[in-house]
Amino acid sequence: MTERNSAHTTIVKPGQPLSLEKVAEMVGGQLLNAEDSNDALCEGVDGPAGADETCVTMAADEETLRGVQVGSVLAVFLDKPHACDHVQIIVDDVHSAMATLAEYFRPEVQFDHHVGIHPSAVIAEDAKIHPNAIVGPGTIIGSKTRIDAGVVVGAYCRIGSRCVINPGVTIYAHCIIKDDVRISAASTIGAEGFGYRFVDGQHMPAAQFGYVVLEEKVDLGAGVTVDRGAYGSTRIGCGTKIDNQVMVAHNCQIGRHNLICSQVGIAGSCVTGDHVILAGQVGLKDHITLGDRTVVGAQAGVMDNLEGNNVYLGSPATTQRDQMQIMAVERRLPQMRKDLKQMSSRITEVETRLNASEDASAKKAA
Amino acid sequence: MTERNSAHTTIVKPGQPLSLEKVAEMVGGQLLNAEDSNDALCEGVDGPAGADETCVTMAADEETLRGVQVGSVLAVFLDKPHACDHVQIIVDDVHSAMATLAEYFRPEVQFDHHVGIHPSAVIAEDAKIHPNAIVGPGTIIGSKTRIDAGVVVGAYCRIGSRCVINPGVTIYAHCIIKDDVRISAASTIGAEGFGYRFVDGQHMPAAQFGYVVLEEKVDLGAGVTVDRGAYGSTRIGCGTKIDNQVMVAHNCQIGRHNLICSQVGIAGSCVTGDHVILAGQVGLKDHITLGDRTVVGAQAGVMDNLEGNNVYLGSPATTQRDQMQIMAVERRLPQMRKDLKQMSSRITEVETRLNASEDASAKKAA
Amino acid sequence: MTERNSAHTTIVKPGQPLSLEKVAEMVGGQLLNAEDSNDALCEGVDGPAGADETCVTMAADEETLRGVQVGSVLAVFLDKPHACDHVQIIVDDVHSAMATLAEYFRPEVQFDHHVGIHPSAVIAEDAKIHPNAIVGPGTIIGSKTRIDAGVVVGAYCRIGSRCVINPGVTIYAHCIIKDDVRISAASTIGAEGFGYRFVDGQHMPAAQFGYVVLEEKVDLGAGVTVDRGAYGSTRIGCGTKIDNQVMVAHNCQIGRHNLICSQVGIAGSCVTGDHVILAGQVGLKDHITLGDRTVVGAQAGVMDNLEGNNVYLGSPATTQRDQMQIMAVERRLPQMRKDLKQMSSRITEVETRLNASEDASAKKAA
């Protein structure tokens, strides 16, 4: 029993930065437009919404490619050459190329079964880690951060300074938590996203090689779940505050200084601008984009992209102005139905009288 | 303090299989039609939807009884003899008989306060149990299963092979988890159902003697709750995938290869067919049945049984076809109200003109 | 590493009861009408809905003040003298006075990083605390209470007799749990409320100095979150039963013998009467009051106060009677729209015929 319990998992270390030639070679692709990028190193891989100038990303269609500014990313996986200034890596299957690179940078790693702080973790002198918390191999924890009892932090995470992680929080491997982040009890950061392929009548899990970034001053309430991205990041922007029991699905890019109230559910790959407010129990369909300063009222269901600087209500969510009018009429529906019946009777009566009058005229004429 | 903390709970062991005569004797009932079941042993007790040929079940009314195929269960508790081929055990109160038998097979047991793996647990050689996880008395864990830090498994559970149970998961006594099941962090399996009787102005908890079955290849996300059945099982069928923060209440029988998205709530005793899809934040009223390949759209509220092979939207959920028409009209309600007002004016005008015309005719006639 | 990990937090002890003169002095206020309260001691501070005769409270406006019965609280913070019999403490800013007093009685305290039961905790002889549970400094635990593995109880909590606290529950500092309370796994009691002030484009957390009271015989399901009050209590009344994944926000005062079903979300400062029933996935806007025996149907959204002894449905929630009529018409909306078009055609036809008839009459007259 001792042997079984003390056995550590074999941990595959995250890959080191790669030249673009190496990336192209790894995915069996062809490198284009790379003349000026000789020394550039690829440090990661992320979806188009989350990638920066150190990352390779992908574009599965023209529209996505147009949305990526030249120079904002290191290179783009494409399935054929495009007449644009992006550094391009042409591959047979962009998804498969992303998965290969993601697996290199963030090899799948189970929770290690050591006790306490793993010897390879690097903990600031003045961080306070509860003796029964678990800190995984290769994880780095910054100054004055407090990690409470029952917290489990996986491998190769980076947690900044002055963070507070309350009891029972689980943080999966490869996640990044920046300075001054606070997480209340029983929240889960970086679990696998809900992604399946339907093969022969069964749902086969799609690999989830991504990670989570909680930027500076993010607060998460209790019982929150933020899933890891599929290839790259699920990101909560700087200063955003999230209430209890909120769900943020894989690949979401939540903006800065959002307020997300309790029990909101955000499906995969949504993007919100800055200063967005989502009231309690709001739901967002996957792949929705909300503009800066969008406000969505309680229990609304967002089915389409929404422009910013406006308030939306209802399910499907529409502008407050339109929805208030609709709701006002809905309350009068029973009366409207009575009015309709009454009007039908009045028309019938008018028709009858008109028939009689026309008959009389006809008789007279005859 | 040592004494208090090290004191283990006295654990009542689950009952062994019983002959039907013994079952009848235990509940003070009369055994009918049992001539061919001399050697049959009762190995458990479950509701009509969850029972198999090793179980005794109950039928509180004719309709339930008709729903149970003869031979599909070992015997049925009934409150009077029925002219059917079921092996019957006639009792005064079928609920009380179920509770008695359920308590025999799954005596109520609190979490034991030992540390680590209880000496009476049986753990496969190549299972990996984190040293600070708790495994209860009599629990069996299969080959290559991983149980992470902070997991608590209660007494007399059976966990299969190649399962992965992530940090902070709690599994209550008597639960059954089959092979290749994965459970993300902070989920709770087998807590007591929300069942109360209202007595003298107070809610008295109804005993919850059941258990949970997670069949092969079930995935549960983070923060999921699946409550134990009242007398028998709450079941998640083979290959079904459940996203974060989903609630499955007591006695539910979820079919095979379902996809249940984040924040769905399924009230007690619901039954879903195979290949059902429930989108985010859907709610099901208790005792709902969904046919095979039912698809329910996000935020819908299901108030009635739904036939399979169809898509449903809205609250109350109706077919996509009907609901899309309703929603299309709802968006035009303010215009409809204006149209209605305008039509009323037009009718009034017509009436006025008709009155004038009739008056003129009458005058002329006079 | 030993030094870091074993370092206990410096804990500020809760303040002792104060004379009203001392309270006035502490907040820089002026004490009025206190002639008969010479010996009275202030033992706490709470909002108007939660305060009792041992507490100082506040009233920010006339309406709130009228809602507080004279004698039901010890004294009231006001921003100017009022002609009423309340003992008054006149201050510049009632919120700031509340915060000062709340901080005195419940100084903010992080989770302490000791292992097991803190030496200053007081545990009944026959309580059962799992060896890996954490009990904070100054916390008191009553007779026959069971605290399971992985539970973390913060500082200065009071937990009554015969309670059962299941694995993975976190209870923050200063919370009060009375006798016979049961809490299922992974629930969080007393985390900070979702309160922010918007300053210079950022959300600044408002201090949350309050606590949670779970009264006698309260049951909480799994994954429930009950946030601490801002200054005073968030209260769950005696005998109230709460299902899995329910959210109760800061300052709520939930009545006695309520039934609150799964995934209900109750925003801040709501008040419910006794014997209220909230069905699954119901949402309450903040500052809502529900009368005794209010029943709210599944998925309803409560936007206004509701009178008791009635059933409400829909979003926004209206009486069952009205809502059933609205819903009946909603299902007929597509038909209504057709009827409306048809009626419009009929009116047009009538108008045409009337025009023809009038033209004929006019011609004849000419």
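To find a chain, count down the sequence lines: A is the first, B the second, and so on, and within it residues start at 1. Keep in mind that this is a model prediction, so the values were computed, not measured.
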- Message: Rounded at 0.5 Å granularity, tell me how far NE2 in His203(B) sits from NE2 in His275(C).
- Response: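 If we round to the nearest 0.5 Å, His203(B):NE2 and His275(C):NE2 are 5.5 Å apart.
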
- Message: If I take atom OG from residue Ser344(C) and atom CZ from residue Arg346(B), how far apart are they, to the nearest 0.5 angstrom?
- Response: 4.5 Å

- Task: Report yes if the side chains of Phe198(B) and Leu259(C) come closer than 4.5 Å at any heavy-atom pair, otherwise no.
- Result: no

- Query: Between Ile242(C) and Phe194(B), what is the shortest heavy-atom contact and its length?
  - Reply: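 Of all heavy-atom pairs spanning Ile242(C) and Phe194(B), the closest is C-CE1, 3.5 Å.
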
Please answer whether the main-chain N or O of [Y] pairs with a side-chain N or O of [X] as donor and acceptor at a distance below 3.5 Å.
X: Glu358(C); Y: Ser357(B); value: no
X: Glu192(B); Y: Ser184(C); value: no
X: Glu330(B); Y: Glu330(C); value: no

- Item | side-chain contact (heavy atoms from CB on, under 4.5 Å) evaluation trace for Met336(C) with Met336(B) | CA-CA 9 Å; Met336(C) 267 175 75; Met336(B) 267 176 76; 4.2 Å; yes

- Message: With a 6.0 Å cut-off on the ring centroids, do His257(C) and Tyr196(B) count as close?
- Response: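 No - the distance between ring centres of His257(C) and Tyr196(B) does not fall below the 6.0 Å cut-off.
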
Relative to chain B, which segment of [X] carries a heavy atom at a distance below 4.5 Å: side chain, backbone, both, or neither?
X: Asp339(C); result: neither
X: Cys261(C); result: both
X: Leu313(C); result: neither

- Is it true that the side chains of Gln245(C) and Thr225(B) contain a donor and an acceptor less than 3.5 Å apart? yes

- Do you see a donor-acceptor pair shorter than 3.5 Å between the side chains of Asp227(B) and Asn244(C)?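 Checked: Asp227(B)/Asn244(C) side chains pair up, N/O donor to acceptor below 3.5 Å.
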
- Message: Taking the basic N atoms (NZ, or NE/NH1/NH2) and the acidic carboxylate oxygens, is any pair closer than 4.0 Å for Arg353(B) and Glu351(C)?
- Response: no

- Item | When Gly193(B), Ala356(B), Ala360(B), Gly265(B) are compared by non-hydrogen pairs under 4.5 Å with chain C, the top option |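 Looking at each of Gly193(B), Ala356(B), Ala360(B), Gly265(B) in turn, Gly265(B) comes out on top.
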
